[in-house]
Amino acid sequence: SSTMSFSEAEVQSARGAWEKIYVDAEDNGTNVLVRMFTEHPDTKSYFTHFTGMDSAEEMKQSEQVRGHGKKVFTAINDMVQHLDNSESFLGIVNPLGKKHATQLKIDPKNFRIICDIILQLMEEKFGGDCKASFEKVTNEICTHLNNVYKEEGW
């Protein structure tokens with residue numbers, strides 16, 4: 001369905017959890033991507049300029065990895081700011097999904113991978129409550145992105 005059902009309390013606790021990790025958007029975004037590329041090496045194939053990099057250290061130093069990590073976190077931050085407004089939320093998610101489906105041809109399973117790594121990082125850094133507060137948000141993001149992919153014929 002296209003409507004989201006977050007209670008006011010869920011919105012507040014999700015935002016609180018996200019703020020903790022978003023404070024260091026570039027570093028945390030970079031760590032999420034590096035972990036994805038390391039644990040799921042096939043994901044590197046989408047980023048032609050990352051393929052030569054084998055060590056996590058190399059990736060962490062890369063301006064391109066850091067730039068994309070920050071971009072991912074900025075996009076999620078925009079979504080988090082609009083959890084209480086389905087229309088605005090979808091206004092961010094839909095074009096993003098469309099671009100990844102049609103232009104970039106990214107397998108939608110990668111969104112789930114990224115979301116799961118973000119949740120892992122939250123748990124490691126801030127504990128289980130932080131992760132739990134944000135789980136529903138990642139589910140919404142992935143569900144809506146998958147819907148866009150279905151509409152685009154994936």
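Quick caveat: nothing in here was measured; it's all calculated off a predicted structure.
Using a distance-only test at 3.5 Å, with no hydrogens or angles considered, no donor-acceptor pair links the side chain of Lys70 to the main chain of Asn28. When atom types are taken as modelled, the side chain of His100 and the backbone of Leu96 share a donor-acceptor pair closer than 3.5 angstrom. No donor-acceptor pair closer than 3.5 Å links the side chain of Asn77 to the backbone N or O of Phe73. Judged by distance alone, with hydrogens and angles left aside, the side-chain atoms of Tyr22 form no donor-acceptor pair with the main-chain N or O of Arg15 at under 3.5 Å.
The NZ atom of Lys60 sits 13.5 Å away from atom CE of Met53, with the distance rounded to the nearest 0.5 Å. How far OG1 of Thr143 is from NZ of Lys136: 11.0 Å, rounded to the nearest 0.5 Å. Going from atom CE of Met59 over to atom CG of Asn31 covers 12.0 Å, rounded to the nearest 0.5 Å. Atoms CD and CD1, on Glu87 and Ile92 in that order, are 12.0 Å from each other to the nearest 0.5 Å. Rounding to the nearest 0.5 angstrom, the gap separating the CD1 atom in Ile21 from the SG atom in Cys130 is 7.0 Å. Expressed to the nearest 0.5 Å, how far OG1 of Thr102 lies from CD of Glu151 amounts to 12.5 Å.
Counting only N and O atoms by type, the side chains of Glu140 and His144 include a donor and acceptor under 3.5 Å apart.
Heavy atoms only, all atoms of each residue included: Leu145 and Gly97 are closest at CD2-CA, 3.6 Å. Nearest heavy atoms, Glu58 versus Ser55: N-OG, 2.9 Å. Closest non-hydrogen pair, Glu10 versus Ser5, comes out as OE1-O, 3.7 Å. For Gly69 against Leu33, the heavy-atom pair with the smallest separation is N-CD1, 3.4 Å.
Proximity of Ile106 to Tyr149: side-chain heavy atoms (C-beta onward) are separated by under 4.5 Å at one or more points. Side chains of Val137 and Phe6 form a contact here, defined as non-hydrogen atoms less than 4.5 Å apart.
Residues Leu104 and Met36 share a hydrophobic cluster, clusters being chains of Ile/Leu/Val/Met/Phe/Trp/Tyr side chains in contact below 4.5 Å. Both Val72 and Phe134 are assigned to one and the same hydrophobic cluster, defined by single-linkage of ILVMFWY side chains at heavy-atom distances under 4.5 Å. In the hydrophobic clustering of this structure, Val32 groups with Met79; members are Ile, Leu, Val, Met, Phe, Trp, Tyr whose side-chain heavy atoms approach within less than 4.5 Å, directly or through other members.
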Notebook entry, point to check: Given the rule in the side-chain contact (heavy atoms from CB on, under 4.5 Å) test, do Lys44 and Asp54 qualify, once you have shown the distances and angles that lead to the verdict?
Noted result: CA-CA 10 Å; Lys44 276 202 307 190; Asp54 291 321; 3.7 Å; yes
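Taking a 6.0 Å sphere around NZ of Lys98, one finds it holds 12 or fewer heavy atoms contributed by other residues, nucleotides or ligands.
No cation-pi contact links Lys131 to Phe126, judged by a cut-off of 6.0 Å to the six-membered ring centre and 45° from its axis.
With sequence neighbours left out, the salt bridge (charged side-chain N to carboxylate O under 4.0 Å, His left out) criterion links Glu19 to no other residue. Taking Gln103 as the reference, Lys99 meet the side-chain contact (heavy atoms from CB on, under 4.5 Å) condition, with sequence neighbours excluded.
Between Asp27 and Arg66, at least one side-chain nitrogen of the basic residue sits less than 4.0 Å from a carboxylate oxygen of the acidic one, meeting the salt-bridge criterion.
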Distance-only donor-acceptor pairs under 3.5 Å for side chains of residues 107-123, two or more places apart:
from, atom 1, to, atom 2, distance (Å)
Asp107, OD1, Lys109, N, 2.9
Asn110, ND2, Asp107, O, 3.3
Arg112, NE, Asp116, OD1, 3.2
Arg112, NH1, Asn139, OD1, 2.8
Arg112, NH2, Asp116, OD1, 3.0
Arg112, NH2, Thr138, OG1, 3.3
Gln120, OE1, Arg35, NH1, 3.1

